[in-house]
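One structure is given here, and the rest of the page talks about it.
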Amino acid sequence: MSEEKSLNFIEEIIEKDLKEGKHTTIATRFPPEPNGYLHIGHAKSIALNFGLALKYGGKTNLRFDDTNPVTEETEYVESIKGDVKWLGFNWAEELYASDYFDQLYHFAVKLIQKGLAYVDDSTSEEIAAQKGTPTQPGTNSKFRNRSIDENLQLFSDMKAGKYKDGEKVLRGKIDMAHLNMLMRDPVLYRIKHAHHHRTGDAWCIYPMYDFAHGQSDAIEQITHSICTLEFVPHRELYNWFIEKLEIYPSRQYEFARLNMTYTMMSKRKLLQLVNDKHVSGWDDPRMPTLSGVRRRGYTPEAIRDFCERIGVAKRDNLIDISLLEFCVRDHLNKIADRRMVVFDPLKVIITNYEEGKTEELPSENNPEAPERGVRSMPFGRELWIEQEDFMEVPPKKYFRLAPGQMVRLKSAYIIKCEEVVKDATGKVAELRCTYVPESKSGSDVSGIHVKGVIHWVNAKTALPVEVRLYDRLFTTEDMGAIEDDFTNHLNTNSLEVKTVFAEPSLTTAQVGEHFQFLRMGYFCLDPDSAATKLIFNRAVTLKDMWAKEMKK
RNA sequence: UGACCUAUGGUGUAAUGGUAACACAGCAGAUUUUGAUUCUGCUUUUCUAGGUUCGAAUCCUAGUAGGUCAACCA
């Protein structure tokens with residue numbers, strides 16, 4: 001018997017609908033506007049919509065909400081499709097709201113014929129003034145009582161291009177005193193003489209979101225139209241169109257969108273980061289975009305796991321980014337091969353190791369996945385170790401190298417620090433050590449037990465590579481709560497670039513391949529790499545209890 | 001001074017009128033040829049006040065707090 005996982009509120013609704021026979025199968029949709037790149041917040045929506053269809057045997061459409069030609073571009077369409085696929089989901093149909101422009105136009109005509117829509121010559125300022133405020137009712141437009149025939153003619157003229165941008169709009173005729181401001185004669189169509197990425201110059205009037213979204217859902221017979229909380233007040237309008245147009249009754253349900261600590265999800269602001277060159281592009285590894293986290297080395301499995309763990313509910317949330325990092329580590333720990341890379345090198349000479357001699361020592365690729373086998377590491381008389389792994393005056397419980405102390409070189413030998421060589425300034429320049437020949441990994445008969453194990457690379461064969469170490473992009477935990485310009489909160493130290501020394505097996509690394517650099521973190525080969533210069537992005541550090549201990 | 005949505009440990013999410021639980025974070029310990037992983041234990045929770053009920057995190061009322069709504073954006 002497997003433990004039954006509790007349902008989120010949308011799953012409860014669906015199971016009820018299925019049980020009561022309201023639906024025999026479900027249809028959902030993921031409806032991005034192609035005006036920016038997808039981010040981790042969209043991943044929550046994608047995982048929800050596609051996950052539901054998968055769980056209940058339904059289907060999910062990918063539908064681009066492309067009703068505003070001014071901001072939308074094909075580049076975004078392509079990136080969105082790539083990101084959804086990368087996350088591991090397959091859509092039933094690739095659709096566009098612009099596919100429905102003809103039907104939408106006829107829906108509008110139907111509304112006019114029913115006396116439920118009118119053409120308004122008011123300016124946008126006048127319309128805004130007519131809206132009233134949340135606490136004060138609006139006022140009727142003086143064009144509100146035009147005849148059906150006149151409205152039909154005017155709307156047709158709008159479509160025919162007889163008017164300039166902004167000269168006229170089509171408005172729903174509902175109730176200017178309605179408590180829900182969206183019901184105060186909403187704009188349905190506006191004039192935009194703009195080139196559309198799909199329909200070209202065929203149209204000069206474009207439907208507003210409210211007049212396109214629900215109707216698109218109805219056309220596709222979407223059973224459960226899932227969106228975020230800010231659309232709650234739109235539901236009333238959504239249902240009004242369904243009722244008046246007598247179309248398929250899709251139902252809208254709203255959940256709380258994802259907010260994450262030290263992260264900003266606004267597409268507009270992310271675009272600004274790109275345009276103002278605060279980051280290298282939409283796929284900068286510091287960006288919360290899916291292309292960014294992919295390049296950084298996060299995996300789709302980790303992101304799906306994250307989406308599963310954060311749950312789905314209706315209350316505002318601020319997820320600790322450490323949960324995402326936990327998911328990334330958890331997956332990478334299982335799949336990433338281990339490699340040794342020294343970041344801040346300190347020379348070690350093994351005085352009793354024969355000069356000119358080298359050995360090839362096997363080292364396991366992944367202790368979590370023995371089937372990954374081993375790779376070979378060259379070992380010689382001169383090595384690099386991490387500066388951090390030596391202290392001349394060690395504190396209590398320091399397991400690493402210190403004068404007279406021993407450590408294990410991972411997959412190699414136990415060494416003992418015999419002498420500390422300093423440069424003219426008194427800085428430690430080199431360690432002279434001896435090794436214990438009988439302590440070789442796999443055939444250790446030395447009987448010596450050491451607590452510390454450190455990574456190393458053979459100096460002669462060390463491969464210089466670049467690593468890019470990322471920190472959070474913002475220094476403020478709750479970026480949703482700030483009042484000033486968000487760029488004031490940018491972390492000026494979010495990127496550190498270093499040249500480091502890697503074991504030679506990394507030469508064959510492939511772009512996008514994940515590694516754990518022992519004790520240093522998880523890394524991923526960046527597409528900027530060339531055969532002569534490998535670049536690794538740090539996806540996330542390893543948990544480091546010792547560093548935490550030292551901070552106390 | 002309107003309407004709507006929401007309120008459970010530090011952060012999330014469960015408990016569907018019947019013993020408040022799980023994960024992350026934090027703390028302590030065990031194991032470890034990564035101070036990683038793994039394992040064990042611990043700290044911390046129902047916004048307030050009334051009401052209904054044998055029994056309320058759950059239902060009702062009021063209050064309080066947070067969020068949303070006044071784009072020819074989505």
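Here is how names work: the chains are called A, B, and so on, in the same order as the sequence lines, proteins then strands, and each is numbered from 1.
Atom name P, nucleotides B:G29 and B:A36: the rounded distance is 13 Å, in whole Å. A distance of about 15 Å separates the P atoms of B:U11 and B:G66, rounded to the whole Å. Nucleotides B:U19 and B:A25, compared at atom C1', are 27 Å apart to the nearest Å. Separation of the C1' atoms belonging to B:A62 and B:U52 is 15 Å when rounded to the nearest angstrom. The gap from the C1' atom of B:G50 to that of B:U45 amounts to 23 Å, rounded to the nearest Å. B:C72 and B:C47 are spaced 42 Å apart, taking the C1' atom of each and rounding to whole Å. When the P atom is used for both B:U38 and B:C60, the distance is 43 Å, rounded to whole Å. The same atom, C1', is picked in B:G9 and in B:C27; the two are 15 Å apart, to the nearest Å.
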Item to complete: Indicate for each nucleotide in nucleotides 32-42 of chain B, in 5' to 3' sequence, whether protein heavy atoms under 4.0 Å reach the base (B), only the sugar-phosphate (S), or nothing (-).
Response: -BBBBB-----
Worksheet item: Could you write nucleotides 57-72 of chain B as a row of B, S and -, 5' to 3', where a protein heavy atom under 4.0 Å of any base atom gives B, of only sugar-phosphate atoms gives S, and otherwise -?
Response: ----------S-SBSB
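In summary, of the residues considered (A:Glu503, A:Glu386, A:Glu364), a salt bridge (charged side-chain N to carboxylate O under 4.0 Å, His left out) with A:Lys410 occurs for A:Glu364 alone.
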Practice prompt. List the steps, then state whether side-chain hydrogen bond (donor to acceptor under 3.5 Å, both in side chains) holds for A:Glu75 with A:Tyr37.
Written response: CA-CA 9 Å; A:Glu75 176 200 348; A:Tyr37 279 61; 2.8 Å; yes
Discussion item. As a quick check of understanding, evaluate side-chain hydrogen bond (donor to acceptor under 3.5 Å, both in side chains) for A:Asp305 and A:His331, giving each step before the final call.
Written reply: CA-CA 9 Å; A:Asp305 181 34; A:His331 185 232; over 6 Å; no
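Protein atom CG of A:Asp217 is 13 Å distant from nucleotide atom C1' of B:A74, rounded to whole Å. Summarising the geometry, the separation between CG on A:Asn259 and P on B:U6 is reported as 17 Å, rounded to the nearest angstrom. Between the CZ atom of A:Arg257 and the P atom of B:U6 there is a distance of 17 Å, given to the nearest Å. As a whole-Å value, the separation of A:Lys314 NZ from B:C4 P is 13 Å. Counting to the nearest Å, the C1' atom of B:G29 and the CD atom of A:Glu549 are 13 Å from each other. Counting to the nearest Å, the C1' atom of B:A25 and the CG atom of A:Leu324 are 14 Å from each other. Separating the CD atom of A:Glu325 from the P atom of B:G12 is a distance of 17 Å, rounded to the nearest angstrom. A straight line from CE of A:Met183 to C1' of B:G2 spans 17 Å, rounded to a whole angstrom.
On a pure distance criterion of 3.5 Å, a polar donor-acceptor pair joins the side chain of A:Arg315 and the base of B:U8.
With a cut-off of 3.5 Å on both pairing distances, the Watson-Crick and G-U wobble pairs of RNA chain B assemble into stems of 3 or more at B:2-7 with B:64-69, B:10-13 with B:21-24, B:26-30 with B:38-42, B:47-51 with B:59-63.
A:His234 comes within 4.0 angstrom of a nucleotide base, judged by non-hydrogen atoms across all strands.
Separating the CD1 atom in A:Ile454 from the CE atom in A:Met340 is a distance of 10.0 Å, to the nearest 0.5 Å.
A cation-pi arrangement is absent between A:Arg339 and A:Phe515, since the terminal nitrogen or guanidinium carbon is not both under 6.0 Å from the aromatic centre and inside a 45° cone about the axis. Taking the centre and axis of the six-membered ring of A:Tyr105, the NZ or CZ atom of A:Lys159 falls inside the cone set by 45° and 6.0 Å. A cation-pi arrangement is absent between A:Lys440 and A:Tyr413 under the rule of less than 6.0 angstrom and at most 45 degrees off the ring axis. With A:Phe399 as the aromatic partner, A:Lys451 meets the cation-pi criteria of under 6.0 angstrom to the ring centre and within 45 degrees of the ring axis. For the pair A:Arg198 and A:Tyr96, the cation-pi test (distance below 6.0 Å, angle within 45°) is passed.
A ring-centre distance under 6.0 Å is not found for A:Phe523 and A:His514.
Ring geometry for A:Phe231 versus A:Tyr209: interplanar angle of 30 to 60°, hence tilted.
A side-chain donor-acceptor contact under 3.5 Å links A:Tyr100 and A:Glu220.
Shortest non-hydrogen contact noted between A:Val342 and A:Trp384 is CG2-O, 3.6 Å.
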